[in-house]
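In this chain, residues are counted from 1 in sequence order. Bear in mind that the values here come from a model prediction, so they are computed numbers and not experimental data.
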Amino acid sequence: MFCTGLIQLRKSALPLALATVILAGTSMLISSTTAGATTSASSSSGAWPGVGKICEPGSGGASTVRGVGSKTINIAVFNDASNTITPGLEVEFPEQARAFADWCNAAGGINGRKIVIDNRDAALFNAAQQTTAACQSDFMAVGGGMALDQPAVPIREKCGLGQISGYVVSNLSVLGTDQVDPSGTNTDSISAGWFGALTKAYPKAVKVAGMGAGDTPSVLQPETKDEFAAEAQGWTVVDFLEPPTSVENWAPYVEQYQQKGVTALWPADDSNFTPFAQAMTTAGYHPDFVILGAQFDNSQTQQDVAANPTLPPVYVETQWWPLAQASQNPSTEELVTIMHKYAKGDPIDFDDEEGMESWLLWAKSASACGASLTVTCVLNHAAATKNWDAGGIQAPIASLTLSNENPQPTPCFALLQLTAKGIVYDKKLTAPTQSIWNCNPKNVVQLTAAQQAQINAL
């Protein structure tokens, strides 16, 4: 992916070693949000902390539903791993899916049916083709995403390929039918409290802000929403850059921010911070702070910060439990345990959390359907879920619904700071109201009709 916040892509790994990071200064020891879940589930129990029993033996049974056999369920996992622009993009989605499937299958599967993962790799520009392939043999799509997803939507809807998404990007995808997005993404509002938190901390800097997005509709639409949200939270955006989706040299873009005197920066770069950080250092560019999307909660970006000591404070917004504090949340800890058992050697980052929350919702909903497994049954159960947080992996969301029925995003967020020593939860900036989260309802920004029309025209 190429955009921040909603699309969430920047991929690098967060090794387990970061779980030992020492929190200091404004950081805090985080306690679990999952009531009654004090220990991780066993690797074969089929019960997930804070979610319950989701995988177990059963009789399976004959089925005429596409992708559902008497003993198997075929699931599509969309990603862009084989692309040549950002190689390995979203590779975590199929890796995490296989690990979850192995864990679930060891407990008996979904009422006795074993999960079979079909890796649908769009390589950025083949979203339509991979969706067409999934329409031939897969029951549903779960826990994945494609950065340039707009062409896939009409194909998926026409063939009735239900989806519990890892993430959605374009407005067409956000509003798709036969879909539940566990993040509650919609087109008329956006959760963006981190912009307001930074306004309080840097009131002068945010009056000269720079933002940007890759020059393609799938990316420009959500990033423009971010721009409107930032302005609603007190920012004044003086420069919004639109580089091509692939940039080899970030120096000219950094220079433009610098010439405009930008002091609060949400970079147009959103897939790999390494060259952007180096360009900032070379140019001697020192805004008051940099804020990055949740996809940058990884070891590579932290290493970039450490390698460029003249950078200003670099923050990451997140609505997923910080992996550096996985041991403080049983559900996140179970995710780490499962990945280390069933995906040995695979680094763990926020994409694994994003994918896992979708799989947990799918498995919980599919299990509730019993032997008569249909797309409609799964989606109806998922859409009726209240107070969903994947056992604490995700910031809590009051009520889920189908994507075409005006879902509402969670207002909750947390801010992390990338430092030379590690990734630290910033309690002071976050100003938590619930566990580690700031859940002020004012964090959700309602877009005007004119703003929505401008976004739809992109």
Please evaluate residues Ile115 and Phe100 with respect to the criterion side chain to side chain contact (heavy atoms under 4.5 Å, CB included), reporting the C-alpha separation (whole Å), side-chain torsions for both, the decisive distance (0.1 Å), and the verdict. CA-CA 9 Å; Ile115 301 169; Phe100 176 79; 4.2 Å; yes
I would like to know whether Thr263 and Lys204 meet side chain to side chain contact (heavy atoms under 4.5 Å, CB included); could you show each step before the answer? CA-CA 8 Å; Thr263 49; Lys204 293 183 179 179; over 6 Å; no
Run the side-chain hydrogen bond (donor to acceptor under 3.5 Å, both in side chains) check on Asn119 and Asp121 step by step: do they pass? CA-CA 6 Å; Asn119 182 7; Asp121 184 350; 5.2 Å; no
With side-chain hydrogen bond (donor to acceptor under 3.5 Å, both in side chains) as the test, would you mind laying out the steps for Thr236 and Lys207 before giving the verdict? CA-CA 5 Å; Thr236 300; Lys207 297 304 180 183; 4.6 Å; no
May I have the step-by-step check of side-chain hydrogen bond (donor to acceptor under 3.5 Å, both in side chains) for Gln300 and Asp304, ending in yes or no? CA-CA 6 Å; Gln300 181 58 57; Asp304 294 338; 2.9 Å; yes
Tyr253 and Val247: CA distance, side-chain angles, deciding distance, side chain to side chain contact (heavy atoms under 4.5 Å, CB included) verdict: CA-CA 10 Å; Tyr253 302 97; Val247 176; 3.8 Å; yes
Start with the C-alpha distance between Phe273 and Leu292, add both sets of side-chain angles, then the distance that settles side chain to side chain contact (heavy atoms under 4.5 Å, CB included), and finish with yes or no. CA-CA 9 Å; Phe273 191 60; Leu292 304 173; 4.2 Å; yes
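Between the side chain of Glu90 and the backbone N or O of Asp80 there is at least one donor-acceptor pair closer than 3.5 Å. Under the 3.5 Å distance criterion, the side-chain polar atoms of Asp426 are left unmatched by any main-chain donor or acceptor of Leu415. The main-chain N or O of Asp178 is found under 3.5 Å from a side-chain atom of Arg156 such that the two form a donor-acceptor pair. Checking side-chain atoms of Ser191 against main-chain N and O of Val444 turns up no donor-acceptor pair under 3.5 Å. Remark: the backbone N or O of Ala395 is not paired with any side-chain donor or acceptor of Gln319 at under 3.5 angstrom. Between the side chain of Asn83 and the backbone N or O of Leu124 there is no donor-acceptor pair closer than 3.5 Å. Counting only distance, with no hydrogens or angles, the side chain of Lys225 and the backbone of Leu220 share no donor-acceptor pair below 3.5 Å. With Tyr167 contributing its side chain and Met146 its backbone, the two residues share a donor-acceptor pair below 3.5 Å. Using modelled atom types, one side-chain atom of Ser365 and one backbone atom of Ala382 make a donor-acceptor pair closer than 3.5 Å. Proximity of a side-chain donor or acceptor of Thr332 to a complementary backbone N or O of Gln328 within less than 3.5 Å is not detected.
For the pair Thr274/Trp250, no side-chain contact is recorded, criterion being any heavy-atom separation below 4.5 Å from C-beta on. Under the 4.5 Å side-chain criterion, counting only non-hydrogen atoms from C-beta, Gln179 is in contact with Val168. Looking at Glu223 and Trp266, their side chains come closer than 4.5 Å, going by heavy atoms from C-beta outward. A heavy-atom distance below 4.5 Å is found between the side chains of Pro275 and Asn272. Considering only heavy atoms from C-beta on, Trp359 stays 4.5 Å or farther from Cys104 through its side chain. Taking 4.5 Å as the limit, some side-chain heavy atom of Glu334 sits within range of a side-chain heavy atom of Trp103. Annotation: side chain of Gln233 is in contact with side chain of Val445 (closest heavy-atom distance under 4.5 Å). At a threshold of 4.5 Å between non-hydrogen side-chain atoms, the residues Ser403 and Thr177 do not count as touching.
Here Ile455 contributes atom CD1 and Ser170 contributes atom OG; the two are 12.5 Å apart, rounded to the nearest 0.5 Å. To the nearest 0.5 Å, atom OG1 of residue Thr301 and atom CD1 of residue Ile423 are 7.5 Å apart. Residue Asp352 holds its CG atom at 12.5 Å from CH2 of Trp320, rounded to the nearest 0.5 Å. From Ser183, atom OG reaches atom CD of Gln394 across 5.0 Å, with rounding to the nearest 0.5 Å. To the nearest 0.5 Å, atom SG of residue Cys55 and atom CH2 of residue Trp48 are 9.5 Å apart. Note: Trp235 CH2 to Phe228 CZ = 15.5 Å, rounded to the nearest 0.5 Å.
Considering all non-hydrogen atoms of both residues, Thr187 and Leu447 come closest at O-CD1, 3.6 Å. Pairing each heavy atom of Ser435 with each of Trp321, the nearest pair is OG-CZ3, 3.9 Å. Looking at every heavy atom in both residues, Asp297 comes nearest to Pro322 through OD2-CA, 4.5 Å. The shortest non-hydrogen separation linking Pro287 to Met280 is CD-CE, 3.7 Å. Counting all heavy atoms, side chain and backbone alike, Ala279 lies closest to Val254 at CB-CG2, 3.8 Å. Closest heavy-atom contact between Pro441 and Pro411: CA-CB, 4.2 Å.
Counted by atom type alone, Gln278 and Asn308 present zero donor-acceptor pairs between their side chains at under 3.5 Å. Judged purely by distance below 3.5 Å, without hydrogens or angles, the side chains of Ser173 and Asp149 pair a donor atom with an acceptor atom.
For the pairing with Asn443, the side-chain hydrogen bond (donor to acceptor under 3.5 Å, both in side chains) check across Thr410, Asn438, Thr433 returns one residue only, Asn438. A ring-ring contact (aromatic ring centres under 6.0 Å, His included) with Tyr202 is found for exactly one of Phe289, Trp194, Phe195, namely Phe289.
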